[in-house]
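For reference, the structure is listed below as structure tokens.
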There are 2 protein chains.
Amino acid sequence: MTVGRAVVTGEPVGSCADYEEDCGIREVLDRIGDKWSVLVIVELAQGVRRFRALQRAVPGISQRMLTLTVRRLERDGVISRTVHATIPPQVEYELTATGHSLTHLVKALADWSAEHHQVIADARRRWDTANPDSGIR
Amino acid sequence: MTVGRAVVTGEPVGSCADYEEDCGIREVLDRIGDKWSVLVIVELAQGVRRFRALQRAVPGISQRMLTLTVRRLERDGVISRTVHATIPPQVEYELTATGHSLTHLVKALADWSAEHHQVIADARRRWDTANPDSGIR
DNA sequence: CAGCATCCTTCTCGATACTG
DNA sequence: CAGTATCGAGAAGGATGCTG
């Protein structure tokens, strides 16, 4: 049994070995697991955006990280990059079909977060109070 | 409008600023975004596990990383840690209610991955072929 | 405007050794 | 068994300067 089949059929998830080998969840987590990718996807969910517009829309992102992020998302086929040979240059980024379906997943994450972030925050506060200088964060 | 409300009500996601401020999605991604946490959660979804059992079940994890991972998950209230004062010591880890609900989210991730990992793999191969030494990965 | 190249700091993680 | 402590390599990420 693989995780993929297990999940699709609603069966319990298999072993970690199965998990590691068969399902591509790692690829997905490697991409959306980092801060900037999710923010870029959320912004592009609104529509087509140019490079500078993206940078303005995602507060705190450096030019370097935006470049890296959009390149990786493009590589994964999550977004498309269209260059208009104008002066000044104009590059537009847009979610692909895959990218749009990813927004559903992001929503699932946001749903779960909205439902549990208070509980988690409380748990963390309790833990930090009970274990002052544990170094864990 | 916040992402949280937007998602719950099915409306489109708001701005990145909203996203950053209001919803706890970052907390969640920070935790399940790393490799080991997900693997530990998947294993604990099967039932109660002792420290060594977890380490054996998660191939490749170091003792240090397992300790860090379970501590962080415990801090978040995702798993519970029960110490039995025996010799040799016996410590059992178990998913909390929050942890169990997290497995649904992991399944959603696995679902999406199962549906798209082939498309993503193909996109990556095409991109890598088209852009040999780009350095992007 | 839309990047690329470089430097440099910070953090992560694995390996190793030791303890109750 | 179930950890803690320490060290070092490497990756990630920010700042800066330059370019078509």
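Sequence lines set the chain letters: A, B, ... in the order given, protein chains first and strands last, and positions in each chain run from 1.
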Exercise. Atom CD of Gln55(B) and atom C1' of dA15(C): how far apart are they, to the nearest Å?
Worked result: 13 Å
Exercise. Is any NZ, NE, NH1 or NH2 atom of the basic residue among Arg49(B) and Glu43(B) found under 4.0 Å from an Asp or Glu carboxylate oxygen of the other?
Worked result: yes
Exercise. Which nucleotide, dG14(D), dA2(D), dG14(C), lies nearest any side-chain atom of Ser62(B)?
Worked result: dG14(C)
Exercise. Is Tyr93(B) near enough to dG3(D) that one of its side-chain N or O atoms lies under 4.0 angstrom from OP1 or OP2?
Worked result: yes
Exercise. Below 4.0 angstrom from OP1 or OP2 of dT12(C), is there any side-chain N or O of Trp36(B)?
Worked result: no
For this session: Whole angstrom is fine here: how far is it from CG in Leu66(B) over to C1' in dA2(D)?
Result: 10 Å
Problem set entry | Phosphate OP1/OP2 of dT4(D): any Arg71(B) side-chain N/O under 4.0 Å | yes
Seminar exercise, completed: Assign each of Arg64(A) and Glu92(B) the nucleotide of DNA chain D bearing its closest heavy atom; nearer the 5' end lies the nucleotide of Glu92(B)
For this session: Take atom CD1 of Ile136(B) and atom C1' of dG13(D), then tell me their distance rounded to the nearest Å.
Result: 14 Å
Exercise. Between Ile87(A) (CD1) and dC1(C) (P), how many Å, whole number?
Worked result: 15 Å
Exercise. So, is Arg81(B) close to the dG3(D) phosphate, meaning a side-chain N or O under 4.0 Å from OP1 or OP2?
Worked result: yes
Exercise. Tell me: CG of Asp34(B) to P of dT12(C), nearest whole Å?
Worked result: 10 Å
For this session: Measure the spacing between OG1 of Thr67(B) and CZ of Phe51(B) and express it to the nearest 0.5 Å.
Result: 3.5 Å
Exercise. Is there a side-chain polar atom (N or O) of Arg52(A) under 4.0 Å from OP1 or OP2 of dC1(C)?
Worked result: yes
Problem set entry | Carboxylate-amine/guanidinium proximity below 4.0 Å for Asp128(A) and Arg137(A) | yes
For this session: Nearest whole angstrom, please: distance from the P of dG3(C) to the CZ of Arg72(A).
Result: 15 Å
For this session: Measure the distance from CG on Leu68(A) to P on dA2(C) and round it to the nearest whole Å.
Result: 17 Å
Seminar exercise, completed: note: Arg137(A), atom CZ; dT12(C), atom C1'; distance rounded to Å ~ 17 Å
Exercise. Are Arg50(A) and dA2(C) close enough that a side-chain N or O sits under 4.0 Å from OP1 or OP2?
Worked result: yes
Problem set entry | Cluster link Val119(A) to Leu44(B), ILVMFWY, side chain under 4.5 Å | no
Exercise. Nearest to the side chain of Met65(A), which nucleotide is it out of dG14(C), dA2(D), dG14(D)?
Worked result: dG14(D)
Problem set entry | Single hit among Leu73(A), Ile79(A), Val48(A) for side chain to side chain contact (heavy atoms under 4.5 Å, CB included) with Leu95(A) | Ile79(A)
For this session: Could you check which of dG3(D), dA2(C), dG14(D) has an atom nearest any side-chain atom of Pro89(A)?
Result: dA2(C)
Seminar exercise, completed: Closest of dG14(C), dG17(D), dG3(D) to the Gln63(A) side chain is dG17(D)
For this session: Tell me which of Thr67(A) and Pro88(A) sits closer to the 5' end of DNA chain C, going by the nucleotide each one is nearest to.
Result: Pro88(A)
